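Note sheet for the following structure.
Every chain is numbered from 1, with letters handed out A, B, ... down the list of sequences. Here the structure is a predicted model, which means the values were calculated and not measured.
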Number of protein chains: 2
Amino acid sequence: MLSDVMEDYLKTIYQIQARSGPPVSTSAIATALDKTPATVTSMLGTLEERGLITREKYKGAELTREGETVALEVLRHHRLLEAYLAERLDYSWSEVHEEADALEHHISEEFERRVAAALDDPAVDPHGDPIPSADLAPLEDDDATPLSTREVGDTVVVSRVSDRDREELEYLAEAGITPGTTLGIVDVAPFGMVTVETDDGGEQSLPESIAEAIYVVDADTDGTDRDAGSDVQEAGNA
Amino acid sequence: MLSDVMEDYLKTIYQIQARSGPPVSTSAIATALDKTPATVTSMLGTLEERGLITREKYKGAELTREGETVALEVLRHHRLLEAYLAERLDYSWSEVHEEADALEHHISEEFERRVAAALDDPAVDPHGDPIPSADLAPLEDDDATPLSTREVGDTVVVSRVSDRDREELEYLAEAGITPGTTLGIVDVAPFGMVTVETDDGGEQSLPESIAEAIYVVDADTDGTDRDAGSDVQEAGNA
DNA sequence: TTATTACTTTAGACGAGTCTAAAAGTGGAT
DNA sequence: ATCCACTTTTAGACTCGTCTAAAGTAATAA
C-alpha cells in the first residue's frame, strides 16, 4: 500500500525525531536520504495528505501515531534482519546494516514472525538498538548518552553504537568496542578526543565523531533491560 | 543497474522459453506478469535496446546470452531463497514461492554466497527445480515430462512440480506427491484425469491441469543427478 | 483471394518520484 | 528596524513503467 520510498521517509523521520525531537527539518531528511530539499518537500506533502505526518510550513514535520507505527514496523524488520544475519548467517555486526536496508521493505509478516521465533524474540539488534515489539508499541526513551558527554574517571557500559557508518563500525569492532563492553574513560583531550580503557586492559583513543556515536550507560546501572552483549536476548514486552 | 521490473521480465521470458522454446510471444509474457500487451511491447523495446533480448516484430522475443545470464541470476536467487526458507525457517514447499519472489531482487551477492554455503550448495529447490550454479552456466535440458504425457502402467518418479499455483501445491502436498515420490499410473480417464498410486499405496485422481504441472522421469532412470527428495543435495557443477 | 479473427504495435496520457531554477520565508546580526 | 544568509517551498520539467484506444499485421477459413 505504502511504497518503499514512503517507508524510507517515515523511518528516517522517526530516527531523526528520536535523536533530536520534533519538528524534523526538510534539510535533515534530505541529507539523511541523499535527496534534494525540493524532493523532500514534495514527499512531505504526500505524507501529510496520507495522515502519516503533520507539518508546519517552513518549520518541519512530525510523525502522527499512524506514521510512527509504520516507522516502527520498518525498524522492526530492519533490526530483526540484522539480528538474524549476524546470528544465523555469520555476518559481523558491521556488515548487517546494508543488507537489512535492502530487505526490510520486502519481507512478509509471516517471514517477520518466523525470523523472530527463530531468534526467540530478540530485544535488541547487534548494534544494541532496541527491536520494536510485534505490536509496534512505541519504544521507551533511552537513558544512554554519547560517550562524548562523559568525563574522565567515569566507568560506563556500551549500550548501543550508531550503525550509520560502516567504516566506524569496523574500526570499533577492531578495537573490541561493541555493545556490552565496559569502558573506563582515562582522558578527554581538546576537540573531544576520548581515550578509554577496554575490558581487556587495552587503551584506545577515539575521535569525537566516533565518541558521539557510542551510547553508554553508567557501569553501575542495572544492565539487565538494555544489555546487548554477545547474545541477543528475549523481549520483555513493555 | 537493471530495475526489478526488467529482471522480472527477463526471468519470465526465460521460463517461458525453457518450456516452449523461443520466440516468446508478447501475450504470453503479458499473461504471466499480469500486464497489458501494450506494456509488454514497450518494455521489450527497452530490453532490446539494452541488448538483453532480440526481437522480430509481431513474432516474439528471445533472450541474448546476456539476458539469459541475468535471468539465471534471478532464478538462482529465487531458488536458493526457496530452499533456505524451507530448510531453515520451516516454510513448507507450498509457501516459499511468494516470499522468494519478493526477496529475489534485493539480496546482495554476499547474501547469496552465505545462503548457498549454509545449505551446502544445493542443486535443486523444494519444488525440484534446478538451482543455477554460481557461475550462471546455462542449465541443462531436462528429461522429465509432464505426468499427463504418460500412460497407464508406467511407474515414474516425480522430478519437479511447477510452483505457479499455491492451491495446487497444497493439494499435492496433502496427497503426498512431492519431488522424489514414486507414482504408478493406474488409470487415465477422458479429459486427462489421471489416477496414480503413491508410495504408500494410496490412490489419487488428478485433473489434467495438475497432471500437466507434475514433471516425472521413468522410475528406472538413475535418479541421482535430478533426485529431489526430502533433502536438498550438493551441486555438481556442469 | 478475401474476409474474419486474433494478436501486436503505435500513439498518447498519466502517476510516482525525482531534479533544477527561481521565489518566498525565517531569523540572527548590525 | 533592516538586511543578509540560509532554508524552504513553488514551478516546471523529466524518466520510468504503466494504461487505454486505435491502427496495423498475420493467419485462417470461406
Side-chain angles (χ1 to χ4, degrees), chain A residues 1-14 16-17 19-63 67 70-71 74 101-102 104-106, chain B residues 1-14 16-17 19-63 67 70-71 74 101-102 104-106:
Chain A
M1 199 83 308
L2 247 34
S3 71
D4 299 1
V5 173
M6 287 191 252
E7 288 185 354
D8 268 334
Y9 276 86
L10 294 171
K11 179 178 74 159
T12 298
I13 294 167
Y14 179 92
I16 296 170
Q17 196 170 290
R19 227 182 308 107
S20 333
V24 176
S25 75
T26 299
S27 54
I29 301 167
T31 302
L33 289 174
D34 196 25
K35 302 272 182 324
T36 65
T39 299
V40 173
T41 296
S42 154
M43 180 54 75
L44 290 182
T46 305
L47 259 17
E48 188 179 29
E49 279 171 17
R50 300 266 208 137
L52 298 161
I53 62 169
T54 56
R55 205 154 68 107
E56 217 183 324
K57 275 234 173 102
Y58 293 98
K59 290 294 168 30
E62 178 170 2
L63 293 176
V70 173
V74 177
D101 255 1
E104 64 190 6
H105 306 295
H106 306 288
Chain B
M1 200 83 308
L2 248 32
S3 70
D4 300 0
V5 172
M6 286 190 248
E7 289 184 355
D8 269 332
Y9 276 86
L10 294 171
K11 179 178 75 160
T12 299
I13 294 166
Y14 180 93
I16 296 169
Q17 197 170 291
R19 225 181 313 107
S20 333
V24 176
S25 75
T26 299
S27 54
I29 301 167
T31 302
L33 290 173
D34 196 24
K35 302 272 188 299
T36 65
T39 299
V40 173
T41 296
S42 155
M43 181 54 74
L44 291 181
T46 304
L47 261 17
E48 188 179 31
E49 279 172 17
R50 301 264 209 135
L52 298 162
I53 62 169
T54 56
R55 204 153 69 106
E56 217 183 323
K57 277 237 173 100
Y58 293 98
K59 289 294 166 36
E62 177 168 6
L63 293 177
V70 173
V74 177
D101 255 0
E104 65 191 6
H105 306 295
H106 305 289

* When you match K59(A) and M6(A) each to their closest nucleotide on DNA chain C, which lands nearer the 5' end? -> M6(A)
[X] and [Y]: which non-hydrogen atoms are nearest, and at how many Å?
| X | Y | answer |
| --- | --- | --- |
| I53(B) | A61(B) | CD1-CB, 4.0 Å |
| L44(A) | I13(A) | CD2-CD1, 4.1 Å |
| A71(B) | L10(B) | CB-O, 3.7 Å |
| T36(B) | A30(B) | C-CB, 4.1 Å |

* To do: Strictly below 4.0 Å, heavy-atom distances to any atom of DNA chain D: list the hits from residues 22-32 of chain A, or just say none.
  =>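 Hits under 4.0 Å, by residue number: S25(A), T26(A), S27(A).
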* So which of residues 44-58 of chain A are in contact with DNA chain D, with a heavy-atom cut-off of under 4.0 Å? -> R55(A), K57(A), Y58(A)
Distance, rounded to the nearest Å, where [X] contributes [atom1] and [N] contributes [atom2]:
| X | N | atom1 | atom2 | value |
| --- | --- | --- | --- | --- |
| M1(B) | dC16(D) | CE | P | 11 Å |
| L10(B) | dG17(D) | CG | P | 12 Å |
| M43(B) | dC19(D) | CE | P | 11 Å |

* Could you walk me through whether L2(B) and R50(B) pass the side-chain contact (heavy atoms from CB on, under 4.5 Å) check? -> CA-CA 10 Å; L2(B) 248 32; R50(B) 301 264 209 135; 3.5 Å; yes
Short side-chain N/O contact from [X] to OP1 or OP2 of [N], under 4.0 Å:
| X | N | result |
| --- | --- | --- |
| T39(A) | dG17(C) | no |
| Y9(B) | dC16(D) | no |
| T36(A) | dC19(C) | yes |
| S3(A) | dG17(C) | yes |
| T41(A) | dT9(D) | yes |

* Structure fact -> Distance col, row D8(A):CG vs E104(A):CD, nearest 0.5 angstrom, shows 6.0 Å
* Drop me the distance from D4(B)'s CG to D4(A)'s CG, to the nearest 0.5 angstrom. => 8.5 Å
* Selection from dT18(C), dT9(D), dT20(D) that lies nearest to any side-chain heavy atom of S42(A) ->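 Among the listed nucleotides, the one closest to the side chain of S42(A) is dT18(C).
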* Asked: Counting side-chain heavy atoms from CB outward, which of dT18(D), dA27(D), dT18(C) is closest to K35(A)?
  ->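 From the listed options, dT18(C) comes nearest.
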* Asked: Ignoring hydrogens and geometry, is there a side-chain-to-backbone donor-acceptor pair from Q17(A) to L63(A) under 3.5 Å?
  -> yes
* Side-chain contact, heavy-atom cut-off 4.5 Å: R55(A) with T41(A)? -> yes
